[in-house]
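All remarks here apply to the structure that follows.
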Protein chains: 2
Amino acid sequence: MSKHNRLDQIMDYLKEHNLVTVEDLVIAIKASPATIRRDLIKLDEQGVINRTHGGVTINRFIPAQPTTYEKIHRNQSEKQSIADIAASFVLAGDSIILDAGTTTLEIARRLTHMPLRVITSDLHIALFLSEFKQIEVTIIGGKIDDSSQSCIGEHGRLLLRQINPDIAFISCNSWSLEKGITAPTEEKALVKASIAEKANRVILVADSSKYGSYSLFSSIAMSSFTDVVTDNKINKDIHSQLKLQNFKLHISNNSIK
Amino acid sequence: MSKHNRLDQIMDYLKEHNLVTVEDLVIAIKASPATIRRDLIKLDEQGVINRTHGGVTINRFIPAQPTTYEKIHRNQSEKQSIADIAASFVLAGDSIILDAGTTTLEIARRLTHMPLRVITSDLHIALFLSEFKQIEVTIIGGKIDDSSQSCIGEHGRLLLRQINPDIAFISCNSWSLEKGITAPTEEKALVKASIAEKANRVILVADSSKYGSYSLFSSIAMSSFTDVVTDNKINKDIHSQLKLQNFKLHISNNSIK
DNA sequence: TTAAAAATGATTAAATTTAATCATTTTATT
DNA sequence: AATAAAATGATTAAATTTAATCATTTTTAA
């Protein structure tokens with residue numbers, strides 16, 4: 001499976017070697033230096049590797065280490081494609097907020113190559129992005145919710161009230177037009193609401209499988225969003241309804257290659 | 001500062017960063033490129049790091065167990081023995097603060113079996129402790145300093161002012177009776193000072209090799225500490241002086257196995 | 001204290017890697 | 001099959017890193 005894709009071959013090689021050169025990969029993969037470099041740029045933009053002038057390693061700080069490049073492509077193609085679209089909204093120099101979650105982490109992986117200010121509630125996102133010098137990272141602080149390893153509580157909300165970001169990216173476990181997005185605890189719901197509060201653009205990133213369910217605590221009404229990004233597996237009737245709303249609807253096509 | 005010390009500093013930095021350049025280390029360690037390169041050659045010969053033309057990583061295939069590197073470089077074992085003593089001060093149910101650093105991370109490793117509230121500025125410590133259900137973790141929040149991957153700035157200090165912990169554990173890069181503990185940036189110095197401010201017991205954990213040097217910004221006077229934990233390599237004269245102070249002095253015996 | 005030895009820092013030439021450009025090959029579409 | 005589009009490879013100039021050299025500072029030992 002993985003031998004078909006050259007990017008997978010590179011990741012496989014990196015898993016087995018601590019620190020390699022482009023020359024190593026040229027020999028191992030049997031491709032030209034130019035091709036290897038072009039591949040490395042793609043992998044670097046996804047944050048799964050780190051490069052210097054002359055060296056390449058796998059990024060050992062990426063959460064869920066065993067979730068390798070190929071697994072990401074197989075199991076999370078919807079999140080990937082949603083993140084692709086979401087990341088394209090960000091411009092160099094922007095100040096953005098990333099909510100806690102795996103979809104927002106995917107967005108983070110796509111933003112490593114540009115100067116940014118990023119505020120987040122997510123420990124993984126903070127640690128990951130802090131490796132990149134052109135990105136100024138702020139974590140909102142507060143009690144750590146261990147299911148999501150992110151900050152909850154009033155302290156972080158205080159910081160959120162003091163900033164005016166360009167874009168806020170919100171993720172969720174459940175969403176619908178009627179109930180908006182909901183969360184399993186009051187604290188999580190409140191943090192999300194605060195994240196959405198001040199941003200110029202408020203973007204929901206949520207895959208279609210989460211549509212229709214809901215948790216106990218309401219967090220954000222759908223009318224608060226300026227944009228919604230979801231995938232093309234969304235039900236047709238719901239799709240029609242979503243198109244009629246005030247937010248811009250973006251549908252990703254997670255065609256698996 | 002001794003040469004062993006700087007090699008330890010490099011290893012500490014590499015543990016917390018995936019792939020670094022000589023330039024990164026020049027800034028982090030405050031030595032010239034030539035010196036860093038000479039150090040890297042030594043570490044490379046020991047096999048604990050890997051280098052390319054332009055990049056350095058820790059060798060992640062070397063067991064991070066208490067063997068290979070620590071036998072060669074003793075400061076790690078000093079930190080271990082200091083952490084042993086420091087951790088023994090903590091009782092189940094306590095609320096404690098852990099400053100950012102590798103010594104305080106060692107303390108955290110020894111506290112996972114008891115119910116605790118832990119407040120920290122360190123992303124690694126927060127992420128590590130959040131795995132343990134009986135430990136409630138709070139991160140102070142704020143901008144991430146990427147050399148230490150910990151929180152700095154006014155926002156975190158605000159939280160620190162609102163809590164009254166049982167114990168605060170402070171680490172440092174430089175300490176002395178005259179200058180107290182000092183830090184390379186004002187923001188780091190201020191955060192440390194705030195960490196020490198409200199705790200019932202304020203404990204400095206600092207290995208002997210760091211004694212006598214100082215950075216630009218003063219952070220905490222020695223008179224603010226209730227306890228000091230250091231190792232038995234401390235100079236005898238200094239030892240005598242330290243014993244005369246108001247704090248309790250604890251000397252760890254880092255017997256090298 | 002003084003002299004010798006070791007460590008460190010600064011400078012610049014050499015070596016290495018990368019980016020940019022363009023030709024060629026492969027793949028996709030009609 | 002023909003054409004367009006995309007991916008790959010080769011070439012060279014530019015950028016970056018290193019090694020070598022020597023001056024300076026710090027440490028060690030007499």
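A, B, ... follow the sequence lines: proteins, then strands. Residue 1 opens every chain. Note that the coordinates shown come from a computational prediction; the quantities given were computed from them, not determined experimentally.
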### Task
Please assess R110(A) against D84(A) for the test salt bridge (Lys or Arg N to Asp or Glu O under 4.0 Å), listing each intermediate value before the final yes or no.
CA-CA 7 Å; R110(A) 287 157 174 75; D84(A) 284 339; 2.6 Å; yes

### Trace of the salt bridge (Lys or Arg N to Asp or Glu O under 4.0 Å) decision for D94(A) with R201(A)
CA-CA 12 Å; D94(A) 275 356; R201(A) 206 166 161 188; over 6 Å; no

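Side-chain atoms of T182(B) and S174(B) form a donor-acceptor pair, as typed in the model, at a separation below 3.5 Å.
If you measure from atom CD of E23(A) to atom P of dT16(C), you get 11 Å, rounded to the nearest angstrom. Distance H53(B) NE2 to dT17(D) C1': 4 Å, rounded to the nearest Å. We find that CZ of R37(B) is positioned 8 Å from P of dT17(D), with the value rounded to whole Å. If you take CD1 of I41(B) and P of dT17(D), they are 16 Å apart, rounded to a whole angstrom.
For A108(A) against I125(A), the heavy-atom pair with the smallest separation is CB-CG2, 4.1 Å.
Side-chain contact between Y13(A) and D24(A) is present, with at least one heavy-atom pair separated by less than 4.5 Å.
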### Query
In the 5'-to-3' direction, what one-character label does each nucleotide of nucleotides 7-14 of chain D receive under the scheme B = base within less than 4.0 Å of a protein heavy atom, S = sugar-phosphate only, - = no such atom?
-BBB----

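In this structure A31(B) satisfies the side chain to side chain contact (heavy atoms under 4.5 Å, CB included) test together with R6(B), T35(B), I36(B), sequence neighbours excluded.
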